[in-house]
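First comes the structure, then the notes that go with it.
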Amino acid sequence: SSQVPLLAASGMSKSFGGIKAVDNAEIQVATGSITGLIGPNGAGKTTLFNLLSNFIRPDKGKVVFDGEPIHHLPSYQIAQQGLVRTFQVARALSKLSVLENMLLAAQKQTGENFWQLQFQPHVVAKEEKQLEQQALAILESVGLAHKADDYAGGLSGGQRKLLEMGRALMTNPKLILLDEPAAGVNPRLIDEICDRIVQWNRKGMTFLIIEHNMDVIMSLCDRVWVLAEGRNLADGVPEEIQRNPKVLEAYLGK
Ligand code: ATP
């Protein structure tokens, strides 16, 4: 379509030693879409996520988000602009409660301002109350409201994925990069995670998802991008991708 994408990255490259992990790759994510990023093991998917969010500095490449170049910005500023990511291995602090983990995710975003507010107790109280209400509403929306006061360390694999999503949502993002939301998740919870993603998408949230579970990718995604050996192999609607001979070969070849 002629619509300007929410995210457009081009010429993305990153080598580790002699290995070209990502090699002149491009990706686009349409506003309001659920976009998939797939490819065999070692294709460069996670590295591309790291480049988009500048967790790893690209050797070269251009990232335009919401109309602005962002590749020169540090990760925390990219998050402030509304591009947040989750990690393959959930990063919640296990000795804090689920609710505390949610509040911490929001606090990072406010940065220095948060500490300045400490000198005005009534403002802090109001801010905290609002943040807590937001956190509880998001926990409700990801099906974790009943776990709010439990230690994050006690959550199941699937619940941790939902908490990761909740923590991302606490930053009021425009685009969430989800790294393998279904990996290590009980099959019964996979459906629930998909439902929660769809519900947030219907409310207007845009997602870019790395996932090895093809059922998840094919049922959720509007468009799918395929990487192999760091390079773009194909992109299209799920039905096209599913029967693309180059894609089948790349998977079978591994
Ligand atoms: P998977 O599906 O198995 O998670 P992936 O598509 O996410 O794989 P990456 O993790 O991005 O692939 O890895 C791409 C290539 O870059 C691999 O050959 C990997 O070994 C290499 N690589 C990734 N990160 C590093 C690093 N920090 N140092 C050295 N090599 C790395």
Side-chain angles (χ1 to χ4, degrees), residues 7-29 34-63 65 70-71 74-76 78-79 83-92 157-158 160-162 164-165 168 175-187 189-190 193-194 197 207-221 223-236 238 241-242 244-254:
L7 178 79
S10 56
M12 305 305 298
S13 295
K14 181 70 188 180
S15 294
F16 297 106
I19 298 171
K20 286 183 174 174
V22 175
D23 186 6
N24 203 28
E26 67 163 320
I27 191 162
Q28 293 171 15
V29 178
I34 302 178
T35 299
L37 176 58
I38 68 170
N41 290 323
K45 305 180 294 295
T46 297
T47 303
L48 183 57
F49 262 25
N50 284 327
L51 300 182
L52 295 174
S53 49
N54 216 357
F55 275 89
I56 293 178
R57 194 177 290 273
D59 297 334
K60 75 178 189 67
K62 182 179 169 190
V63 184
F65 178 65
I70 58 163
H71 43 269
S75 290
Y76 79 93
I78 290 175
L83 195 169
V84 293
R85 62 166 304 185
T86 68
F87 291 83
Q88 207 170 329
V89 178
R91 285 186 150 193
R160 279 166 196 249
K161 298 286 182 170
L162 289 165
E164 278 289 286
M165 198 162 104
L175 169 61
I176 301 181
L177 310 184
L178 290 176
D179 198 344
E180 300 202 28
V185 175
N186 174 313
L189 249 186
I190 290 180
I193 289 173
C194 290
I197 292 170
F207 292 92
L208 175 61
I209 303 180
I210 295 177
E211 185 50 63
H212 282 288
N213 182 324
M214 285 305 135
D215 293 338
V216 168
I217 286 289
M218 295 301 155
S219 69
L220 284 183
C221 294
R223 192 166 194 88
V224 180
W225 293 74
V226 188
L227 281 188
E229 296 177 352
R231 287 189 287 270
N232 288 89
L233 189 71
D235 64 273
I241 293 303
Q242 217 166 6
N244 180 320
K246 281 194 294 185
V247 175
L248 294 172
E249 197 186 307
Y251 274 92
L252 293 174
K254 284 272 154 176

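Whatever order the structure lists them in is the order used to number ligands and atoms, beginning at 1. What you see is a predicted model, and the numbers here were worked out from it, not measured in a lab.
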Looking only at heavy atoms, what is the nearest atom pair of [X] and [Y], with distance?
{"X": "T86", "Y": "D179", "value": "OG1-N, 3.2 Å"}
{"X": "A228", "Y": "A43", "value": "CA-CB, 4.1 Å"}
{"X": "I217", "Y": "G36", "value": "CD1-CA, 4.1 Å"}

Against heavy atoms of [X], which atoms of ligand 1 measure under 4.0 Å?
{"X": "A43", "value": "5 (P), 6 (O), 12 (O)"}
{"X": "H212", "value": "1 (P), 2 (O)"}
{"X": "K45", "value": "1 (P), 2 (O), 5 (P), 6 (O), 7 (O), 8 (O), 11 (O), 12 (O)"}
{"X": "T47", "value": "9 (P), 11 (O), 13 (O), 23 (C)"}

Legend entry - Distance-only N or O hit between ligand 1 and F16, under 3.5 Å: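 No.
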Inset, instruction - Could you pull out, from V22, I56, T46, the option with a heavy atom nearest to atom 7 (O) of ligand 1? - result: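 Minimum heavy-atom distance to atom 7 (O) of ligand 1 goes to T46.
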Inset, instruction - Using a 4.5 Å cut-off on heavy atoms from C-beta on, say whether the side chain of F207 contacts that of L220. - result: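 No; the side chains remain at least 4.5 Å from each other.
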Inset, instruction - Run the contact test for G44 against ligand 1 with a 4.0 Å cut-off on heavy atoms, strictly below, and give the result. - result: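 G44 counts as a contact of ligand 1 under the 4.0 Å cut-off.
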Inset, instruction - Verify side chain to side chain contact (heavy atoms under 4.5 Å, CB included) between C221 and I34, making sure each step is shown before the conclusion. - result: CA-CA 5 Å; C221 294; I34 302 178; 4.2 Å; yes
Legend entry - Positive for side-chain contact (heavy atoms from CB on, under 4.5 Å) with I209, one of V216, I197, V224: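 Considering V216, I197, V224, a side-chain contact (heavy atoms from CB on, under 4.5 Å) with I209 is found only for I197.
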